[in-house]
Number of protein chains: 2
Amino acid sequence: MARSIVDTAADKLRAQGLRMTAQRRLVLEILEAANSHLDAEMLHQHARERDQSISLATVYRTLNLLHRAGIIEQRFLDQDHSRGYYEIHDESEHFHFTCLTCGKVIEFETDLVAQIRAELLEKYGVIVENTRIHFEGRCTRHPDCPQ
Amino acid sequence: MARSIVDTAADKLRAQGLRMTAQRRLVLEILEAANSHLDAEMLHQHARERDQSISLATVYRTLNLLHRAGIIEQRFLDQDHSRGYYEIHDESEHFHFTCLTCGKVIEFETDLVAQIRAELLEKYGVIVENTRIHFEGRCTRHPDCPQ
DNA sequence: TCCGAATTGCAAATAGATTTTCGTTTTGCC
DNA sequence: GGCAAAACGAAAATCTATTTGCAATTCGGA
């Protein structure tokens, strides 16, 4: 069975002479539990619920570290392009829809994106290395969404 | 036949008691001629080739104005999320591919995106109002790209 | 041509997420 | 346990795209 994200991360860090600390574990656990993207500030808030003394600087340092190590992903949204949002790096490619009313994030997969990339290769001879897709809109049948 | 972008813009501005000035015309003409996105700095450089004295502040003010008026679009790229890029507002929906080697931008259309939105509606009952798609990668057969 | 409002250039100010400094505290290895 | 390197907290610094204050200029309608 798959090893925990924290364990995997610990190994990756150790391989570079870095350490798995309580703060890094905390950040990873929060990211793992979250089913949406968090920015540094939100992460810091959540983290303080479990460790009063964790600093925002440490959250930033941790996010940079984990991002460089390929353990988490960083993305920027149009709604708020000035700050980074983070999530656990996921092997299987997925995309996001955000409800503008209730803020809920839906993660979904589709092979239509692969078809778009195939079209790009065929028509323009370009190879896509990086795909950035984000939809925004409204829930219509979600009970928690005030419509 | 379609009226020129500058004329259309002039009307929209006049309707709000605003003026079409030489600087605004210049910015629009540069955006119209450019086949890729420009940021404020690049736009300013180009503009100075035709009007030595145009200021960067005016470029920013003009971009804001035209954006608010719906005449141009503003977008943020992953490669450089910290600055805005601008292009003439286009009725037909299109998407972008950027070559990470040569920086060239390809604009393309595809109906596969509409299919993705249809899938989202069917599977999750959500209505997409806002679509953000951007691909990055490499040219393979473009003569100007150093591969 | 005249006038008030809109616009511009210049330079200085802003803003706010992220980074760094520094002294102190942990961590992993022996 | 003990040590050197790594990491931390707090607060100050940074960075730089964008905005703004102000005096001068321009615009368009009357």
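Chain letters run A, B, ... following the sequence lines, proteins first and then strands; every chain starts at 1.
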Not counting sequence neighbours, which residues clear salt bridge (Lys or Arg N to Asp or Glu O under 4.0 Å) with [X]? List them please.
{"X": "E32(B)", "answer": "none"}
{"X": "E29(B)", "answer": "R50(B)"}
{"X": "R83(A)", "answer": "D39(A), D80(A)"}
{"X": "R75(B)", "answer": "E73(B), E87(B)"}

Any side-chain heavy atom of [X] within less than 4.5 Å of one from [Y]?
{"X": "T131(B)", "Y": "F95(B)", "answer": "yes"}
{"X": "L77(B)", "Y": "H134(B)", "answer": "yes"}
{"X": "T110(B)", "Y": "L120(A)", "answer": "no"}
{"X": "T98(A)", "Y": "N130(B)", "answer": "no"}
{"X": "R48(B)", "Y": "I54(B)", "answer": "yes"}
{"X": "V27(B)", "Y": "I72(B)", "answer": "no"}

Tell me which residues in residues 56-66 of chain B lie within less than 4.0 Å of DNA chain D, going by non-hydrogen atoms.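 Under 4.0 Å from DNA chain D: A57(B), Y60(B), R61(B), N64(B).
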Going by number, which of residues 38-52 of chain B have a non-hydrogen atom under 4.0 Å from DNA chain C?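 Nucleic-acid contacts, sorted: none.
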Does anything in residues 67-76 of chain A come within less than 4.0 Å of DNA chain C? Heavy atoms only, and list the residues if so.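 Nothing qualifies; none.
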By the side-chain hydrogen bond (donor to acceptor under 3.5 Å, both in side chains) test, which pairs, at least two apart or in different chains, include something from residues 57-67 of chain A?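 Sorted result for residues 57-67 of chain A: S55(A)-T58(A).
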Linking directly or through intermediates, with side-chain heavy atoms under 4.5 Å: list the remaining ILVMFWY members grouped with I127(B), chain and number order.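 Taking Ile, Leu, Val, Met, Phe, Trp and Tyr as members, I127(B) shares its hydrophobic cluster with L121(B).
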Terminal contacting nucleotides, 5' and 3', DNA chain C versus chain A (heavy atom, 4.0 Å):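 Under 4.0 Å from chain A, the extent on DNA chain C is dA17(C) to dG28(C).
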Contact string for nucleotides 24-30 of chain D, one letter per nucleotide 5' to 3', B = base within protein heavy-atom range under 4.0 Å, S = sugar-phosphate only, - = neither, reads --BB---
What's the separation between atom CZ in F97(B) and atom OH in Y124(A), rounded to the nearest 0.5 Å?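 Answer for the CZ-OH pair, F97(B) versus Y124(A), is 11.0 Å.
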R25(A) side-chain N/O to V6(A) backbone N/O, donor-acceptor pair under 3.5 Å: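 Here the side-chain-to-backbone pair does not exist.
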Among the clusters formed by ILVMFWY side chains lying less than 4.5 Å apart, do F76(B) and L38(B) turn up in the same one?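 Not linked; separate clusters.
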Common cluster, V105(A)/L31(A), ILVMFWY with side-chain heavy-atom separation under 4.5 Å: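 No, V105(A) and L31(A) fall in different hydrophobic clusters.
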Between atom CG in L13(A) and atom C1' in dA5(D), what is the gap in whole Å?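 Result: 15 Å.
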Should the pair H96(B) and H37(B) be assigned to parallel (<30°), tilted (30 to 60°) or perpendicular (>60°) ring geometry?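 Geometry flag for H37(B) against H96(B): perpendicular rings.
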At how many degrees, to 10°, do the end axes of the helix from dT1(C)-dA30(D) to dC30(C)-dG1(D) meet when each uses five pairs?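 It works out to 40° between the end axes.
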